[in-house]
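Just below is one structure, and these are the notes that go with it.
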Amino acid sequence: MASLSLKDVCKVYPNGFQAVKNFNMEIEDKEFIIFVGPSGCGKSTTLRMIAGLEDITSGELRIDNTLMNDVEPKDRDIAMVFQNYALYPHMTVRENMAFGLRLRKVPQAEIDKAVNEAAKILDLSHLLDRKPKALSGGQRQRVAMGRAIVRNPKVFLMDEPLSNLDAKLRVQMRTEIAKLHQRLGTTIIYVTHDQTEAMTLGTRIVVMKDGVVQQIDSPQNLYEKPGNLFVAGFMGSPQMNFLDAVVRVNGDDVCLEVAGQTIVLPAQKAKAVKDGGYDGKTVTLGIRPENILKADGSEPYSFTSTVNVYELLGAEVFLYFDLESSPVTARMEPSTKARPGDTIRYTFETEKIHLFDKETELTITN
C-alpha cells in the first residue's frame, strides 16, 4: 500500500483561475482521507491531480516518496471510482471487472482468480454474467469498485461514488465501503460534498473552500473544535447556529450579552476571550442544535421564542425559530409538546458555546 505527500500543490487554469492554492498534506499508509467542501471548492480537481488526469501547475506530489508530477496516470498504480460508474454497456460484469487486467496482459488464470475474489467481497458472484443495464444503481457501483479492487492498486481514489444513489442505498453502500477499507487495508482518498459521508467514513477529513484547505482533522475534532466559522457551519446537520454577542469583561468574569441576556463564560473560555482583547467587542457565538436545552426556570439565563417550524424525524425533533433576527434550530426529544405558534423557553449548554472573531472568522474558543 502507499503513503502520499502533497507539497504546495497548485492548479491554475489557462484563463488564470486558481482552482487549488497551496495544498499541503501528508497521507499515511492505509488512511481513509475525505475531501469535503461545497461545489467548486477544488476537491475533485485535487483528486484528479493525484490521479494524473489534471496537470499540477506547481508543487510536488509524491507516492511512496517517488515524485509523480510527470508520471502517466496508468503508471501511478492508482484506481479511480467515478460518480457515473463508467461501465462498458456491451460487456458483462465479469468482463467489465477484468478489462483493466486484460489490457495489462495478465494471465487468464490470475484474472479469473482476482475477479472471483472481488466478486465474493462485493456480493456480485451471482451477477457476473449480467450486463450493466440489468443491474440496479447500487450493483453498478459495486461493479465499478470491483474493477478497481482487482487491480490491487496502491491507492483508491473515489470521486462522489454514491451521489447517484437514493438515500437508503447510500447508507447501505457507505457501510460497504467502510467494511471494504477494513478488509483491504488500502489507502483511500474520497471526495464528497455530503458531510454525513465524511463524518462516518473518514479517519481524517480535509475541509476545502475556494481552493484553500480550511482544516485537516479527525471527524470528531472538526465537529467539536472547528478552526473557523466556515468549518463550524459546514460540519454538522443541521448546521451550527450563529448569533451576535457583545463581550463584557468584569474582573475575572467574562460575560456575553446576547438578546438581552447575560451569559457568564466558563473559566477556560473566559481566559481565551480576555487574552484576545475582546472586551466591548461583538463576536460571533456558535451553538449546535443539540446544545440548546429546554429551560425550566432554574437556569441563570433563558430566552423565549415562537416556534416557526416543527420537524419530526422519528427519533428526534427539530424546532425552527428566531432569536431577535437570527434564525435558530434546536434539536429536541420527540416527546416535546411545542408546535408552530407556541412560545418556548430555552437555554444554551454554556460549556458547548463556540466563539469566533467577527472580522477574521477564526475561532477564539471552542
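With contacts defined as side-chain heavy-atom distances shorter than 4.5 Å, the pair Arg151/Arg104 qualifies. With contacts defined as side-chain heavy-atom distances shorter than 4.5 Å, the pair Ile149/Leu180 qualifies. Using a 4.5 Å heavy-atom cutoff, the side chains of Arg174 and Arg170 are not in contact. Counting heavy atoms from C-beta on, the side chains of Lys30 and Gln182 never come closer than 4.5 Å. Side-chain atoms of Leu355 and Leu256, non-hydrogen and from C-beta on, do get closer than 4.5 Å to each other. You'll find the side chain of Ser237 reaches within 4.5 Å of the side chain of Gln195, heavy atoms only. Looking at heavy atoms from C-beta onward, Leu285 lies out of side-chain contact with His354 at the 4.5 angstrom threshold. Under the 4.5 Å side-chain criterion, counting only non-hydrogen atoms from C-beta, Pro38 is not in contact with His193.
In summary, Glu72 and Arg76 do not engage in a salt bridge, as defined by a charged side-chain N under 4.0 Å from a carboxylate O. In summary, Asp217 and Arg204 do not engage in a salt bridge, as defined by a charged side-chain N under 4.0 Å from a carboxylate O. Under 4.0 Å is where a charged nitrogen must lie from a carboxylate oxygen, and between Arg345 and Asp296 no such pair does. Salt-bridge check for Arg62 with Glu60: passed, with a basic side-chain N closer than 4.0 Å to an acidic carboxylate O.
Taken together through direct or relayed side-chain contacts under 4.5 Å among Ile, Leu, Val, Met, Phe, Trp and Tyr, Tyr320 and Ile344 form parts of separate hydrophobic clusters. One hydrophobic cluster, built from ILVMFWY side chains closer than 4.5 Å, cannot hold both Val106 and Phe99; they sit in different ones. By the criterion of side-chain heavy atoms lying less than 4.5 angstrom apart, applied directly or through intervening Ile, Leu, Val, Met, Phe, Trp or Tyr residues, Phe23 is not grouped with Val212; the two fall into different hydrophobic clusters. Hydrophobic clustering (side-chain heavy atoms under 4.5 Å, transitive across Ile, Leu, Val, Met, Phe, Trp, Tyr) keeps Tyr278 apart from Leu229. Taken together through direct or relayed side-chain contacts under 4.5 Å among Ile, Leu, Val, Met, Phe, Trp and Tyr, Val317 and Val307 form part of one hydrophobic cluster.
Heavy atoms only, all atoms of each residue included: Pro153 and Asp77 are closest at CA-OD1, 3.4 Å. Summarising the geometry of Gly280 relative to Val246, their closest heavy-atom pair is O-CG1, 4.1 Å, with the distance given to 0.1 Å. Across all their heavy atoms, Gln214 and Met208 have their closest contact at CG-C, 4.2 Å. Shortest non-hydrogen contact noted between Ala272 and Thr365 is CB-CB, 3.8 Å. Scanning both residues, Asn116 and Arg94, for their nearest heavy atoms gives OD1-NH1, 3.6 Å. The heavy-atom pair separating Val258 from Asp244 by the smallest distance is CG1-O, 4.1 Å.
Remark: the backbone N or O of Thr186 is paired with a side-chain donor or acceptor of His181 at under 3.5 angstrom. Judged by distance alone, with hydrogens and angles left aside, the side-chain atoms of Asn22 form no donor-acceptor pair with the main-chain N or O of Asp8 at under 3.5 Å. Proximity of a side-chain donor or acceptor of Lys7 to a complementary backbone N or O of Asn24 within less than 3.5 Å is not detected. Of the possible polar contacts, none joining the Glu176 side chain to the Leu122 backbone as a donor-acceptor pair under 3.5 Å is found. Side chain of Asp322 to backbone of Ser325: no donor-acceptor contact under 3.5 angstrom is found. Distance alone, capped at 3.5 Å, is enough to place a donor-acceptor pair between the Asn241 side chain and the Thr329 backbone. A donor-acceptor pair is defined here as one N or O able to donate and one able to accept, closer than 3.5 Å; no such pair exists between the side chain of Arg147 and the backbone of Gly100. With Glu31 contributing its side chain and Glu28 its backbone, the two residues share a donor-acceptor pair below 3.5 Å. The backbone N or O of Ser136 sits less than 3.5 Å from a side-chain atom of Gln139, completing a donor-acceptor pair. One N or O on the side chain of Gln215 and one on the backbone of Gly227 form a donor-acceptor pair closer than 3.5 Å.
Remark: Arg183 CZ to Ile121 CD1 distance equals 5.5 Å, nearest 0.5 Å. Going from atom CZ of Arg248 over to atom CD1 of Ile263 covers 14.0 Å, rounded to the nearest 0.5 Å. To the nearest 0.5 Å, atom CD1 of residue Ile364 and atom CG of residue Asp275 are 11.5 Å apart. Going from atom CG of Leu124 over to atom CZ of Arg140 covers 13.0 Å, rounded to the nearest 0.5 Å. We find the CG-CG distance between Asp64 and Leu4 to be 7.5 Å, quoted to the nearest 0.5 Å. Taking CD1 from Ile34 and CD1 from Ile205, the interatomic distance works out to 6.5 Å, rounded to the nearest 0.5 Å.
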task = Test side chain to side chain donor-acceptor pair (under 3.5 Å) on Tyr13 and Glu54 and set out the steps.
result = CA-CA 10 Å; Tyr13 286 102; Glu54 293 270 5; 3.2 Å; yes
key: Check against salt bridge (charged side-chain N to carboxylate O under 4.0 Å, His left out), Lys281 and Asp357   = CA-CA 9 Å; Lys281 292 184 181 172; Asp357 186 292; over 6 Å; no
inquiry  = Set out, in order, the CA-CA distance, both residues' side-chain angles and the distance that settles side chain to side chain contact (heavy atoms under 4.5 Å, CB included) for Thr192 and Met158, then state yes or no.
reply    = CA-CA 9 Å; Thr192 181; Met158 300 189 180; over 6 Å; no
request  = Show your reasoning for whether side chain to side chain contact (heavy atoms under 4.5 Å, CB included) applies to Ile33 and Ile216.
outcome  = CA-CA 10 Å; Ile33 299 294; Ile216 302 175; over 6 Å; no
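Using modelled atom types and a 3.5 Å distance limit, the side chains of Tyr346 and Glu299 yield no donor-acceptor pair. Remark: the Thr350 side chain and the Tyr301 side chain contain an N/O donor-acceptor pair separated by less than 3.5 Å. Judged purely by distance below 3.5 Å, without hydrogens or angles, the side chains of Glu26 and Ser5 pair a donor atom with an acceptor atom. In this model, no donor atom of one side chain and acceptor atom of the other lie less than 3.5 Å apart for Glu95 and Tyr88. Side-chain atoms of Tyr190 and Glu197 form a donor-acceptor pair, as typed in the model, at a separation below 3.5 Å. A donor-acceptor pair shorter than 3.5 Å cannot be found between the side chains of Asp342 and Tyr310. Using modelled atom types and a 3.5 Å distance limit, the side chains of Asp129 and Thr92 yield no donor-acceptor pair.
With Met49 as the fixed residue, the side-chain contact (heavy atoms from CB on, under 4.5 Å) test singles out one of Val20, Asp55, Leu61, Asn69: Val20.
For NZ of Lys294, the number of neighbouring non-hydrogen atoms (other residues, nucleotides, ligands) closer than 6.0 Å is 12 at most. Around atom CG of Asn250, no more than 12 heavy atoms belonging to other residues, nucleotides or ligands sit under 6.0 Å away. Shown here is Gln268, whose CD atom has no more than 12 heavy atoms of other residues, nucleotides or ligands within 6.0 Å. Within a 6.0 Å radius of CD in Gln108, more than 12 heavy atoms belonging to other residues, nucleotides or ligands are found.
Ring centroid separation for the pair Phe356 and Phe230 does not come in under the 6.0 Å cut-off.
For the pair Arg288 and Phe348, the NZ or CZ position fails the cation-pi test of under 6.0 Å to the six-membered ring centre and within 45 degrees of the ring normal.
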